[in-house]
Amino acid sequence: MAGERMSTSSGGFAGLVACVATVCLLLPTGSRAQLKVGFYNTTCPNAEALVRQVVTAAFANNSGVAPGLIRLHFHDCFVRGCDASVLLSVNPAGGNTERQSRANNPSLRGFDVIDAAKAAVERSCPRTVSCADIVAFAARDSVNLTGKLFYQVPAGRRDGRVSNETEADTNLLGPDSTAQVLIDGFRRKNLTVEDMVVLSGSHTIGRSHCASFLATNRRRLADGTISAAYQALLEALCPPSPGQFDPNTTEIDVSTPAVLDNNYYKLLPLNLGLHFSDDQLIRNATLAPLANAFAADETLWKQKFAAAMVKMGNIDVKTGTTDEIRLNCSVVNPSSSSAAAAGVIEMLFPADEVATS
């Protein structure tokens, strides 16, 4: 029982913490630093099912949550790695967080679904499943719901304690990015040119705010890289707004906006790419053959997409005993050395195996 563990003498407790720390250091590097499929099979065997239930229910109510959750995973992994830092609403170090950055606010969504999934998991397996893993599971489930594409998600991520607005604005690639900027941005995360083109295909679902494409597309119209009829439609959908932020949105894929398929790539040669960055995939000699291959073979693209999602989910992950498993995904856990030590012990040893006096 928790009360019995707290009754341990201070000397004995300190010695046990030191012993646990030594055991952690002696563990093979691979066991401390690698994700694995089925990570929660013994500690929380229903974790993935609980997340799937929450995502499925939210999707039934609003199909737009699926692209939102996929994007949430992207934006998390590209800043400080896949550590759920994008979920933090308060930065203990001060200043604005990632979710308050221009790249994320107010367009990023899905936070409420992650919170609901975390609550469900906590009720079943307290202090066991990280928010970072829940984000990865939710993205996978969203891919499956929209594209009938299921893949295994290696888990074991820990949640980070830092979230910085400036880092988000620096690391996240915008809709006006050139081909070279896209290539370089993905390369910095150890993702290849092919990974970049493959993952860009997630734009086959979801919506985009007028501010992210309208002004740039007026310039594209002049150089003939966007269909005049398409631009006229966008102009009609995006009337002038008196506010600083235009709430109007449109589908990124005008043909099958709710289905994760390869139609995104088929639209590009027709000058129907919504963003400048989308259009860049067919304007660059290195990228165009890849985009054309995926336009011709949906099965190939889906296989590559699943593999690239898993690869992206491994970016700079925190594992082992680093950082924490948040109790509330939007804030870091209360800071306490004794609480941290107790958490390490509880993670490594079942409750009835901890010695008490």
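Between Leu69 and Ile114 there is a side-chain heavy-atom pair separated by less than 4.5 Å. When side chains are defined from C-beta on, Val310 counts as touching Pro154, because their heavy atoms get closer than 4.5 Å. Considering only heavy atoms from C-beta on, Pro175 stays 4.5 Å or farther from Thr216 through its side chain. Residues Lys189 and Met312 form no side-chain contact, since every pair of their non-hydrogen atoms from C-beta on lies 4.5 Å or further apart. Looking at Leu290 and Met196, their side chains never come closer than 4.5 Å, going by heavy atoms from C-beta outward. Looking only at side-chain heavy atoms (C-beta outward), Phe111 and Leu72 come within less than 4.5 Å of each other. The shortest distance between side-chain heavy atoms of His73 and Ile70 does not fall below 4.5 Å. Here the side chains of Ser277 and Phe213 are not in contact, with every heavy-atom distance at 4.5 Å or above.
Leu267 and Tyr265 fall into different hydrophobic clusters, where Ile, Leu, Val, Met, Phe, Trp and Tyr residues are linked whenever their side-chain heavy atoms come under 4.5 Å apart, directly or through other members. Taken together through direct or relayed side-chain contacts under 4.5 Å among Ile, Leu, Val, Met, Phe, Trp and Tyr, Val65 and Leu145 form part of one hydrophobic cluster. Note on Leu87: it does not cluster hydrophobically with Val90, by side-chain heavy-atom contacts below 4.5 Å among ILVMFWY residues. Side-chain heavy atoms closer than 4.5 Å link hydrophobic residues (I, L, V, M, F, W, Y) into clusters, and following such links, possibly through other members, connects Val181 to Phe74. Hydrophobic clustering (side-chain heavy atoms under 4.5 Å, transitive across Ile, Leu, Val, Met, Phe, Trp, Tyr) groups Leu214 together with Ile252.
The closest donor-acceptor contact from the side chain of Ser163 to the backbone of Ser85 lies under 3.5 Å. Proximity of a side-chain donor or acceptor of Asp159 to a complementary backbone N or O of Ile325 within less than 3.5 Å is not detected. Counting only distance, with no hydrogens or angles, the side chain of Glu298 and the backbone of Asn262 share a donor-acceptor pair below 3.5 Å.
For the salt bridge (charged side-chain N to carboxylate O under 4.0 Å, His left out) test, residues two or more places apart in sequence or in another chain that qualify with Arg220 are Asp279. Looking at residues two or more places apart in sequence or on another chain, you find a side-chain hydrogen bond (donor to acceptor under 3.5 Å, both in side chains) between Thr192 and Asp195. Listed by chain and residue number, Thr204, Thr256, Asn263 satisfy the side-chain hydrogen bond (donor to acceptor under 3.5 Å, both in side chains) test with Asp261 (two or more places apart in sequence, or in another chain). The side-chain hydrogen bond (donor to acceptor under 3.5 Å, both in side chains) test applied to Ser330 returns Asn328, not counting sequence neighbours. For the side-chain hydrogen bond (donor to acceptor under 3.5 Å, both in side chains) test, residues two or more places apart in sequence or in another chain that qualify with Thr97 are Gln100. For Phe78, the ring-ring contact (aromatic ring centres under 6.0 Å, His included) test picks out Phe186, with sequence neighbours left out. Qualifying salt bridge (charged side-chain N to carboxylate O under 4.0 Å, His left out) partners for Arg188, counting only residues two or more places apart in sequence or in other chains: none.
In this structure, CD1 in Ile134 is found 7.5 Å from CD in Glu122, a value given to the nearest 0.5 Å. The distance from the CG atom of Leu173 to the CG atom of Leu182 is 6.0 Å, given to the nearest 0.5 Å. Annotation: the span from Gln180 atom CD to Gln280 atom CD amounts to 10.5 Å, rounded to 0.5 Å. Here the CG-OG1 distance, from Asp133 to Thr128, works out to 11.5 Å after rounding to the nearest 0.5 Å. Rounded to the nearest 0.5 angstrom, Asn217 CG and Ser212 OG are separated by 8.5 Å. With values rounded to the nearest 0.5 angstrom, Ile315 atom CD1 is found 4.5 Å from Leu191 atom CG.
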Show the atom names and distances, to 0.1 Å, of all donor-acceptor pairs under 3.5 Å that link a side chain in residues 51-64 to residues at least two apart or in another chain.
{"residue": "Thr56", "atom": "OG1", "partner": "Arg52", "partner atom": "O", "Å": "2.7"}
{"residue": "Asn62", "atom": "OD1", "partner": "Gly64", "partner atom": "N", "Å": "2.9"}

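Between Tyr264 and the options Leu272, Ile205, Leu281, a side-chain contact (heavy atoms from CB on, under 4.5 Å) holds for only Leu281. Of the residues listed (Arg158, Arg161, Lys318, Arg157), the one engaging Asp83 in a salt bridge (charged side-chain N to carboxylate O under 4.0 Å, His left out) is Lys318, and it is the only one. When each of Leu108, Val86, Asn104 is tested with Asp76 by the rule side-chain contact (heavy atoms from CB on, under 4.5 Å), just one qualifies, namely Val86.
For residues 262-278, no pair satisfies salt bridge (charged side-chain N to carboxylate O under 4.0 Å, His left out), with sequence neighbours left out. Contacts classified as ring-ring contact (aromatic ring centres under 6.0 Å, His included) and involving residues 118-166 (residues at least two apart or in different chains) are not found. For residues 227-236, the side-chain hydrogen bond (donor to acceptor under 3.5 Å, both in side chains) pairs, not counting sequence neighbours, are Arg218-Glu235, Gln231-Glu235. Within the structure, every pair that satisfies the disulfide bond (SG atoms under 2.5 Å apart) test and touches residues 93-141, not counting sequence neighbours, is listed here: Cys44-Cys125, Cys131-Cys329.
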Discussion item. For Leu260 and Trp301: C-alpha separation, side-chain torsions, deciding distance, then whether side-chain contact (heavy atoms from CB on, under 4.5 Å) applies.
Written reply: CA-CA 11 Å; Leu260 192 83; Trp301 172 69; 3.9 Å; yes
Item to complete: Under the side-chain contact (heavy atoms from CB on, under 4.5 Å) rule, what do Asp184 and Arg187 come out as? Steps first, then yes or no, please.
Response: CA-CA 5 Å; Asp184 292 343; Arg187 182 179 293 134; 3.2 Å; yes
Discussion item. I'd like to know whether Arg99 forms a side-chain contact (heavy atoms from CB on, under 4.5 Å) with Leu88, so could you lay out the CA-CA distance, the side-chain angles of the two residues, the decisive distance to 0.1 Å, and finally the verdict.
Written reply: CA-CA 7 Å; Arg99 65 191 287 179; Leu88 290 174; 5.9 Å; no
Discussion item. I'd like to know whether Thr178 forms a side-chain contact (heavy atoms from CB on, under 4.5 Å) with Phe276, so could you lay out the CA-CA distance, the side-chain angles of the two residues, the decisive distance to 0.1 Å, and finally the verdict.
Written reply: CA-CA 8 Å; Thr178 64; Phe276 175 82; 4.1 Å; yes
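Nearest heavy atoms, Glu167 versus Arg80: OE1-NE, 2.7 Å. Leu300 approaches Ala293 most closely through the heavy-atom pair CD2-O, 4.5 Å. Pairing each heavy atom of Val193 with each of Thr286, the nearest pair is CG1-CG2, 4.1 Å. The two residues His275 and Ser208 have their closest heavy-atom pair at NE2-OG, 2.8 Å. Scanning all heavy atoms of the two residues, the minimum distance from Val121 to Ala47 falls at CG2-O, 4.1 Å. In this structure, Asp169 and Ala103 approach most closely via the heavy-atom pair OD1-N, 3.5 Å.
Under a cut-off of 6.0 angstrom, the local environment of NZ in Lys304 is sparse, with at most 12 non-hydrogen atoms contributed by other residues, nucleotides or ligands.
Note on Glu48 versus Arg140: salt bridge recorded, some NZ/NE/NH1/NH2 to OD/OE distance being below 4.0 Å.
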